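Inspection log for the structure reproduced underneath, given as structure tokens.
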Amino acid sequence: MTVTDKDPGRTDLLGTALVDAVQRTGASVGCLYLRSDADPVLHLAVLCGLPPELFAPWRQVPLAAPLPVSDAVRDGRLVWVGTQEELVRSYPRAAVALPYRFALAATPLRGRDGCWGGLLLMWPPTHPARLTDRQRGRITSSGRRIARQLDDFPIWPEGEPAAHGGGPRLVAPPTARRNATGRAAEDFAERLPGGSVSLDLDGRITFLTSGAVELLGRSADRLLGTLPWHSLPWLDDPVYEDHYRSAVISREPCSYLALRPPDHWLRFELHPDPSGISVRITPAPVVGDAPRRMEPPLSKDSARGGAGRLYQVMHLAAALTEAAGVGDVVDMIGDQIMPAFGAQGLVLAGLDGQRLRIVGSRGYGPYILERLDGQPVDTALTPAGDVLTSGTPMFFDSPEELARNYPQAPTTSDKKAWAFLPLIVSGRGAGCCVLSYDRPRPFTADERAVLTSLAGLIAQALDRARLYDAKKNLAHGLQEALLPRRLPTVDGLGIGARYLPASQGMEIGGDFYDVICREDKVCSAVIGDVQGHNVAAAALMGQVRTAVHAHSTAGTPPGEVLVRTNRLLHDLHVDLLVSCLCVHLDMTHRCAHLASAGHPPPLLRHPDGRTEVVSVEPGPLLGVAPDAEYPVARVDFPPDALIALYTDGLVEDPGCDLTDALDSLARCLAEAGDRELADLPALIDTLVRRTRPTGHHVDDIALLLLRSSPE
């Protein structure tokens with residue numbers, strides 16, 4: 001479902017719906033995310049109860065990101081995080097960027113034809129850590145109401161999401177009715193001792209008393225409409241802005257001391273509500289030594305960007321640490337860093353000898369990338385060479401500025417401003433990251449400092465990613481070399497196979513399968529699992545598969561194949577154990593003979609769809625006892641029957657009953673339709689998706705399907 005904001009007047013409907021959801025659930029903050037067909041990203045369309053700056057890292061959220069609203073939309077379920085500790089445990093990236101106490105819930109907006117996006121709600125930390133059934137119902141029903149509104153009255157026709165055109169639409173939260181008139185409220189505040197200041201949700205001063213003017217030491221006309229940490233130099237410290245952010249997000253009162261030079265200590269008390277913050281300022285009593293001023297978390301030079309930029313950098317840094325391969329790094333930069341700095345183009349290049357090779361990009365066509373790829377590192381031709389040589393970023397506000405400094409630089413695109421960031425790893429140049437803009441723009445000192453810091457993080461992430469990709473390619477190459485390059489064609493038999501490495505680790509393991517032709521309409525099939533998923537397991541797997549293949553080709557019965565392979569492993573004195581299942585198929589007589597060495601039992605789907613676990617008496621694992629015997633079982637294999645061989649990674653989970661897992665797999669196989677039976681790779685996809693819906697598995701998986709062709 002794609003959404004765009006074509007009629008600003010119509011967006012009031014969603015704003016009203018979001019305010020209603022906040023009011024019905026008692027939340028303090030509401031966020032409405034909408035998805036598009038253009039890319040797997042959620043866009044923040046409407047925001048209630050918080051200034052957009054606090055949500056800057058999440059204006060665009062990748063659907064695959066480990067964040068509550070992404071999980072809710074992707075999995076189609078309500079996500080509840082009741083405490084800050086739970087947020088740290090379940091969503092560490094979000095906890096880094098919002099280190100405050102609050103509770104949150106995210107629910108999908110499920111419409112008639114799909115999911116429109118997600119609803120994110122936040123509560124003060126006083127909210128109970130557990131949801132009642134009534135509260136859960138209110139949250140989910142609020143999401144359904146918004147989804148129905150989008151179904152019945154399409155706010156946006158096809159096009160780009162609203163968030164691409166700018167920031168989210170901000171709507172005012174529901175507020176209680178005020179009893180006092182404006183003049184009476186001002187008189188009331190003036191009569192109070194000390195000073196009183198009112199801040200809106202953005203942190204700007206909207207009202208202050210004469211007492212506050214006196215204590216702060218600056219006239220009202222120089223304070224109204226400003227952020228205190230901007231207009232008062234002695235409050236220009238992230239620790240003070242952080243108190244404001246904490247009060248706005250958690251809705252909890254807080255207080256702190258600050259020194260107004262030279263020796264006036266003041267106490268600030270912040271009292272938040274949905275419309276803003278009331279601040280009480282009083283002189284701090286001094287007993288003995290003056291109260292100690294709280295130490296800032298960073299040095300002054302590091303803190304110039306304020307707490308907002310500080311947490312944004314921490315959020316982006318946390319995102320980069322999660323990148324595995326080079327593609328992940330490019331996606332992180334494109335989805336997180338580009339929106340944070342308003343960039344429209346990205347080129348990420350790695351150093352290959354004396355040339356820059358593009359490893360990822362955004363916002364450039366293939367013709368331009370072809371011209372840029374492989375350019376020599378020439379300091380006279382392009383800024384990339386200079387930044388790699390000097391290790392210092394370069395910023396160009398306009399094409400004229402770039403042309404003045406590099407007159408020989410080729411004009412390859414219509415971009416109007418650039419940030420060239422060197423990627424330095426251990427003192428050596430590893431590449432260059434270029435952010436570009438469609439319009440001329442100045443780069444503030446704050447942006448230059450932050451981008452310079454991020455360049456180091458990008459360099460480290462890219463270096464790790466390239467090493468990861470190299471290891472992954474090596475592992476895949478080794479795995480492919482050890483597994484059959486292609487499966488044979490056997491008259492009367494359909495064959496489908498799949499190997500899936502573990503989701504974590506080196507992505508190489510000891511699971512294997514093979515099909516060996518012996519003569520017309522006679523073949524052997526084998527599946528096995530070597531303990532572990534590492535290089536040692538893969539090496540032993542290659543030896544076992546070779547031994548089984550050789551004995552099966554010689555016409556050895558399946559039980560004897562296991563006996564001989566077991567003796568070989570015992571002679572090799574290996575420390576790893578191996579499970580294995582051998583099947584001898586005779587398509588002329590439509591029967592199968594099976595022998596097992598401690599391997600999970602196969603499944604047999606009968607022509608009528610009935611599916612059962614084949615009873616095969618297992619012998620010991622290979623390599624355990626040198627004189628072990630392996631009994632052979634016989635089953636009929638009529639036309640349109642199917643045998644499924646698999647490794648334990650498909651069915652075993654810690655804490656789960658194996659019998660229940662086998663029953664579930666059997667039901668899935670029994671429910672397969674004619675189309676899936678005719679397309680065994682598609683049937684494998686279904687079996688894996690049903691048994692591993694999240695796509696994550698801690699063990700390798702091998703799956704081999706054998707179907708007796710219909711008459």
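Computed from heavy atoms alone, side chains included, the values below leave out hydrogens, waters and symmetry copies. Treat the numbers as computed from the prediction; the structure is a model and nothing was measured.
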Exercise. Answer yes when Asp640 and Arg707 have at least one side-chain N-carboxylate O distance shorter than 4.0 Å, and no when they do not.
Key: yes
Quiz item: Hey, does the side chain of Trp80 reach the backbone of Arg136 with a donor-acceptor pair shorter than 3.5 angstrom?
Solution: no
Quiz prompt | Presence of salt bridge, Glu671 and Arg667, under 4.0 angstrom | solution = no
Exercise. For Glu560 and Thr556, indicate whether the former's side chain and the latter's backbone hold a donor-acceptor pair under 3.5 Å.
Key: no
Exercise. Without swapping roles, check the side chain of Ser70 against the backbone of Ala64 for a donor-acceptor pair under 3.5 Å.
Key: no
Quiz prompt | With sequence neighbours excluded, residues passing salt bridge (Lys or Arg N to Asp or Glu O under 4.0 Å) with Arg130 | solution = none
Quiz item: Is the closest side-chain donor-acceptor distance between Tyr91 and Asp71 under 3.5 Å?
Solution: yes
Exercise. Indicate yes or no for a side-chain donor-acceptor contact from Arg605 to the backbone of Ala672 under 3.5 Å, with no hydrogens or angles considered.
Key: yes
Quiz prompt | Expected output: side-chain Asp151 to main-chain Gly111 donor-acceptor under 3.5 Å | solution = no
Quiz item: Under 3.5 Å, is there a donor-acceptor pair between the side chain of Ser596 and the main chain of Val616?
Solution: no
Self-check item: Leu621, Thr647, Val578, Val544 screened by side-chain contact (heavy atoms from CB on, under 4.5 Å) with Asp529, the one that passes
Solution: Thr647
Exercise. Report yes or no: does Arg35 contribute a side-chain atom to a donor-acceptor pair with the main-chain N or O of His43 at less than 3.5 Å?
Key: no
Quiz item: Which residues pass the salt bridge (Lys or Arg N to Asp or Glu O under 4.0 Å) test with Arg498, sequence neighbours left out?
Solution: Asp685
Quiz item: What's the spacing between Leu603 CG and Tyr646 OH if we round to 0.5 Å?
Solution: 4.5 Å
Practice problem: With side chain to side chain donor-acceptor pair (under 3.5 Å) as the test, would you mind laying out the steps for Ser579 and His599 before giving the verdict? | Solution: CA-CA 5 Å; Ser579 71; His599 199 82; 2.9 Å; yes
